[in-house]
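To find a chain, count down the sequence lines: A is the first, B the second, and so on, and within it residues start at 1.
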There are 2 protein chains.
Amino acid sequence: MGFMTSSVPESRGGGATATSVEADLGWALGVVFRRYAKAAAAALDDVPGGPRGYQVLATTNAEGPKRQLDLAAQLGVDRTVMTYLLDDLEKTGLVLRQPDPVDRRARLIVPTDQGKETLCDLERRLSAAERDVLGSLDEGERLIFRMLLQRVAVKADAVDPIQNACELADETIDITET
Amino acid sequence: MGFMTSSVPESRGGGATATSVEADLGWALGVVFRRYAKAAAAALDDVPGGPRGYQVLATTNAEGPKRQLDLAAQLGVDRTVMTYLLDDLEKTGLVLRQPDPVDRRARLIVPTDQGKETLCDLERRLSAAERDVLGSLDEGERLIFRMLLQRVAVKADAVDPIQNACELADETIDITET
DNA sequence: TATTGTTATACTCTATAACTATA
DNA sequence: TATAGTTATAGAGTATAACAATA
C-alpha cells in the first residue's frame with residue numbers, strides 16, 4: 001500500500017511488505033487522481049480560481065442562478081473563499097452578481113455570455129484531458145472502468161457527502177423532522 | 001464533467017451540459033480519492049506527519065536504509081519538509097537517523113523496532129480503509145477495477161513520474177545515456 | 001435574534017534562501 | 001566548487017472572527 005504519493009510501485013522485498021493481492025490501491029488512486037488533476041488544472045489555467053472557477057461556471061450554467069452561500073456549500077468551499085473567487089470571476093467578466101429579488105441580502109450568481117462561451121471551451125479541454133489520462137485503456141475497458149469507478153464514487157459520496165447534505169435539503173421537502 | 005469537488009452528480013438539465021457518455025470522470029475520481037484519503041488519514045492520525053510519516057516508515061522498512069535526500073525525492077516532498085517530518089518521527093521513536101558510513105554529510109533513515117510494529121498495525125488499518133472504500137463492488141468487480149486502475153496509474157506515472165526519475169536512476173545502471 | 005455577504009486576521013502547508021559541515 | 005542537511009523566512013491557500021445590511 002504505497003499510499004498516495006510515491007513514484008513507481010517499487011518491487012517489494014523487505015519486511016512488512018504489503019499484502020500481495022491488494023496491491024497499492026492508494027498509490028494507484030493517488031497517481032491517477034493527481035495526473036488528472038494536473039491535466040485539468042493545466043486546461044483550466046487561464047480561468048480565475050482554476051478548477052474552482054470552472055465549477056462555478058459549470059454549476060451556475062447548468063443549474064441556473066445560485067446564491068453565493070448555496071454555491072459555496074455545493075462546491076464544498078468556505079463562503080469567504082467564494083467571495084474572493086467570485087470577485088475574480090466577476091472582474092474577468094465571466095459571471096455577474098445579481099440581487100436576489102426575494103432576499104435583498106443575497107446575490108444570485110449567473111454566468112455572462114462570455115462565461116458561457118468560455119465554459120464551452122473548457123469542457124472540450126477537460127474531455128481531452130480525460131481521454132489523455134485513460135489513454136492506456138481501450139474503448140471497452142474504459143467503459144467498464146468508468147462504470148465501476150462511478151459506482152464506487154456514488155456510494156462513497158452517499159456515505160460522506162462533502163459535508164453539506166443539510167444545505168441541499170431545502171431543495172427537497174424536509175422529511176428529516178416531523 | 002463535475003470536476004473534482006462538488007457533492008452529488010446532480011441532474012443535468014441546463015445549457016452546456018457535459019457530454020452524455022463521458023459522465024464525470026473528474027468528479028468520480030475526486031470523490032473516491034478524497035474518500036480514501038480521508039479514511040487513510042484517519043487511520044494514520046496518530047502517526048507524526050500522517051500519510052507522509054507512514055510512507056517514510058513503509059519505504060525504509062521495505063527497501064532498507066535511505067538517505068534523507070533520496071527519501072525526499074522518492075516520496076515527492078521537499079528536502080526541507082523531510083527534515084521536519086523526520087524530526088517528528090525521530091522524536092516519537094519510530095525512526096533513527098544514522099550516520100552514513102560512506103558520506104559523513106548524509107544520514108541514513110532506519111525504522112526502529114517500535115517503528116516496524118507501528119507500521120504493521122498501520123498496514124492493517126489501511127487495508128480496512130481500502131476494503132471500506134471499495135465496498136460497493138463485489139469480489140470480481142473489485143479485481144477488475146484494481147487491475148484497470150493499476151494500468152492507468154502505471155502509465156500515468158511513467159508519463160509523469162512525480163518529478164524525480166533522475167534521482168531514481170542511480171539505483172540502476174545508467175542506460176539513459178551512452 | 002439569525003442570516004448573507006464582506007473584510008481583516010491568523011493559521012497551515014509548502015517552497016526559497018542562507019547557512020554549516022562535509023566532499 | 002558542489003552536495004547533505006538544517007534553519008529562518010516568505011508565500012499560497014484556507015479557515016476564524018468581527019462587521020454591515022437585511023431578514
Between [N] atom [atom2] and [X] atom [atom1], what is the distance in whole Å?
X         : N       : atom1 : atom2 : answer
Met82(A)  : dA15(D) : CE    : C1'   : 15 Å
Leu85(B)  : dA4(D)  : CG    : P     : 18 Å
Ile109(B) : dT6(D)  : CD1   : C1'   : 13 Å
Leu108(A) : dT4(C)  : CG    : C1'   : 12 Å
Tyr84(A)  : dT9(C)  : OH    : P     : 11 Å
Arg97(A)  : dT4(C)  : CZ    : C1'   : 12 Å
Arg67(A)  : dT6(C)  : CZ    : P     : 13 Å
Asp87(A)  : dG13(D) : CG    : C1'   : 16 Å

Checklist line | Reported CG-to-CZ distance for the pair Asp103(A) and Arg67(A), which is rounded to 0.5 angstrom | finding: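 That separation rounds to 6.0 Å.
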Note to self: Quick check on DNA chain C: between Asp78(B) and Gln68(A), whose nearest nucleotide comes earlier from the 5' end?
What the structure shows: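 Its nearest nucleotide being more 5', the pick is Gln68(A).
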Next item on the list: Answer yes or no: is there a donor N or O on one side and an acceptor on the other, between the side chain of Arg79(A) and the main chain of Leu69(A), under 3.5 Å?
Entry: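 The answer is no, because no donor-acceptor pair under 3.5 Å joins these two groups.
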What N/O pairs connect the protein and nucleotides 19-23 of chain D at under 3.5 Å? Give each pair on its own line.
residue	atom	partner	partner atom	Å
dA23(D)	OP1	Arg104(A)	N	2.9

Note to self: Please identify which of these residues, Arg35(B), Lys38(B), Arg125(B), meets the salt bridge (Lys or Arg N to Asp or Glu O under 4.0 Å) condition with Asp132(B).
What the structure shows: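 Option passing the salt bridge (Lys or Arg N to Asp or Glu O under 4.0 Å) with Asp132(B): Arg35(B).
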Margin query: What I want to find out is whether Glu90(B) reaches Arg107(B) closely enough, with some N-O distance under 4.0 Å, to be called a salt bridge.
Written below: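 Salt bridge between Glu90(B) and Arg107(B), a charged N being under 4.0 Å from a carboxylate O: no.
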Notebook entry, point to check: Salt bridge or not for Asp87(B) and Lys91(B), using N-O below 4.0 Å?
Noted result: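 No salt bridge links Asp87(B) with Lys91(B).
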Checklist line | Test item: Thr118(A) and Tyr54(A) side chains (from C-beta on) under 4.5 Å apart, heavy atoms | finding: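 Counting from C-beta outward, Thr118(A) and Tyr54(A) never come under 4.5 Å.
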Notebook entry, point to check: Are any of Arg107(B)'s side-chain N or O atoms less than 4.0 Å away from OP1 or OP2 of dA4(D)?
Noted result: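 Looking at the OP1 and OP2 atoms of dA4(D), neither is under 4.0 Å from any side-chain N or O of Arg107(B).
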Check: Quick one: is Thr80(B) getting a side-chain N or O under 4.0 Å of the dA15(C) phosphate, OP1 or OP2?
Finding: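 So the side chain of Thr80(B) is outside the cut-off, no N or O lying under 4.0 Å from OP1 or OP2 of dA15(C).
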Notebook entry, point to check: So if you build clusters from Ile, Leu, Val, Met, Phe, Trp, Tyr with side-chain heavy-atom gaps below 4.5 Å, do Val95(A) and Tyr84(A) land together?
Noted result: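 Different clusters: Val95(A) never reaches Tyr84(A) through Ile, Leu, Val, Met, Phe, Trp or Tyr contacts under 4.5 Å.
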